[in-house]
Amino acid sequence: MEKKWWHSSVVYQIYPRSFKDSNNDGIGDINGIIEKLDYLKELGIDVIWLSPVYKSPNDDNGYDISDYCDIMDEFGTMDDMDRLLDEGNKRGIKIVMDLVVNHTSDEHKWFIEAKKSKNNEYRDYYIWRDGFNDKEPNDLDSIFSGSAWELDKETNQYYLHLFSKKQPDLNWENPKVRTEVYKMMNYWIDKGIGGFRMDVIDLIGKLPDNKITANGPKLHEYIQEMNRESLKDKDLLTVGETWGATPEIGKMYSNQARNELSMIFQFEHIMLDQEGEEKWDLKPLNLLDLKRALSKWQTALGDEGWNSLFWNNHDLPRIVSRWGNDKEYRVKSAKMLATLLHGMKGTPYIYQGEELGMTNVKFNSIKDYNDIESLNMYKERIAKGYKHEEIMESIYAKGRDNARTPIQWDDSEYGGFSNSKPWIDINENYKYINAKNCLEDKNSIFYHYKKLIEIRRNNETIVYGDYNLLCEEDNNIFAYTRKLNDDTILVVCNFYENEAKFNYEYGFEDLEILLSNYSDSSTNLRNLKLRPYEAIMYRVK
Ligand code: NOJ
């Protein structure tokens, strides 16, 4: 495997609407991001994944794009964007743009044209079908509830929308669509961006008539074409959002020899606390399942692919509330989860606020929620007879707004995010969970992340070392080694709040602690008892 700059990088994801508001309209913006670049530099990250900043009517907060080459008014102007790229470059921070090309907004000029008539030259940019027996063409569901087909009354045909009805799916079988997309990508590449995060890229090869959505037959052909037309020889970081990938599929995307993407962002571990396919049907996490899922991806790709490492993004609940402890052990458990993940092989992603140990939120009323996925699900489940309380439990646990409350910069009103009431309420714990407090405390979660990033930067073993899971069947401890040549790093984490004994009988006599979330962790593995959420990273000497 050829070594690449993004193998040893750490990515920080920004959801601009909630990051920092510079003009006090209650909505985060690009100038707000520029204000905080020094904060990110201090953290030590190399890359920003910027969730969409393009023109959008915001049905799905920017994931419904009406102009790929213009900036959303609330977020600023193209000049601001150019300045962000410049200011990032000055600090050695690259900007990876979100590429949302499975669908556009219904307010994109292509769709406005396409709707005009069956003969319009843009008609075939989207996926239209006649109804079947005066109903939808088939029973494909939208990921945001209801049918994936919407009738356009004027032309009496249905169009496909795998997300909201304001997000019509592009027809990738049409070569003109593909050419337009590559042209747009080249426009951004020429501006000097660091790469693309590709939104639900696994859906572009869909065959809706056969009800195949993910991993369609032409998916990889399209990505290879995209690579030839846009990405090749540009040394970019490209990461595909690939929900349903297996390691075999992961290799197809990210094996360097295949000329597709740099890495995959797959969700097997993220789906372990749900019943079946349905994220809203909750079940407790089993640690052994988590070990199996993460370890499988650590070893299965070998030299033929590359992982992303993440607990969080703008679609997922806050990890410290989900699998840590957001009460008494918030700081300890946040650091444990960080250590566990950042010791692994792959490119780590930190989602804004994760480095502060930000938590899930519980708003009193469904009216306080903004996310279209949660709101649609709420309506659908109420109609099906579910109880309000039961639905709210799902939203508290899994709703995407958990990740979208404003970043808590300090303890002033609105948490230093803005001087005006934010577009979505701030989590009321901003009084004590905030960046100002973290920066003033050398033992904070922030500095723990900073150290993890430094350790990665200074240790090739963390970047390229082989992964080996220890104590596979232990119900409390997640431990593994990373080995490169004669260097070994050992990571031992107590996943829970009860004390747990590390039953590892052999080897590792002479240990040095690289990082721990306790100030007095032991270097003696014999009879090692780990305290609540204790997480230690050792170098084996
Ligand atoms: C995945 C994105 O991460 C999510 O936020 C969005 O709603 C859907 N794709 C549709 O673009």
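Whatever order the structure lists ligands and atoms in, that order sets their numbers, starting from 1.
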Provide, line by line, the atom pairs where ligand 1 and the protein bring an N/O atom each to a distance under 3.5 Å; else say none.
residue: ligand 1; atom: 3 (O); partner: R197; partner atom: NH2; Å: 3.1
residue: ligand 1; atom: 3 (O); partner: H314; partner atom: NE2; Å: 2.8
residue: ligand 1; atom: 3 (O); partner: D315; partner atom: OD2; Å: 2.5
residue: ligand 1; atom: 5 (O); partner: H314; partner atom: NE2; Å: 2.9
residue: ligand 1; atom: 5 (O); partner: D315; partner atom: OD1; Å: 2.7
residue: ligand 1; atom: 5 (O); partner: D315; partner atom: OD2; Å: 3.4
residue: ligand 1; atom: 5 (O); partner: R400; partner atom: NH1; Å: 3.3
residue: ligand 1; atom: 7 (O); partner: D60; partner atom: OD1; Å: 3.3
residue: ligand 1; atom: 7 (O); partner: D60; partner atom: OD2; Å: 2.5
residue: ligand 1; atom: 7 (O); partner: R400; partner atom: NH1; Å: 3.0
residue: ligand 1; atom: 9 (N); partner: D199; partner atom: OD1; Å: 2.9
residue: ligand 1; atom: 9 (N); partner: D199; partner atom: OD2; Å: 3.1
residue: ligand 1; atom: 11 (O); partner: H103; partner atom: NE2; Å: 2.9
residue: ligand 1; atom: 11 (O); partner: D199; partner atom: OD2; Å: 2.7

Looking at D371 and R400, is any side-chain nitrogen of the basic one under 4.0 Å from a carboxylate oxygen of the acidic one? yes
Looking at D315 and R404, does any basic side-chain N land under 4.0 Å from a carboxylate oxygen? yes
Answer yes or no for K94 and W5: cation-pi contact, defined as NZ/CZ to six-membered ring centre under 6.0 Å and angle to ring axis within 45°.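 Judged by the rule, K94 and W5 form a cation-pi pair.
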For K153, the salt bridge (Lys or Arg N to Asp or Glu O under 4.0 Å) test, sequence neighbours excluded, returns none
Where at least one partner belongs to residues 169-179, residue pairs that pass salt bridge (charged side-chain N to carboxylate O under 4.0 Å, His left out), sequence neighbours excluded: D169-K206, R178-E225
Among pairs that include at least one residue of residues 14-29, which meet salt bridge (charged side-chain N to carboxylate O under 4.0 Å, His left out), considering only residues two or more places apart or in two chains? K20-E35
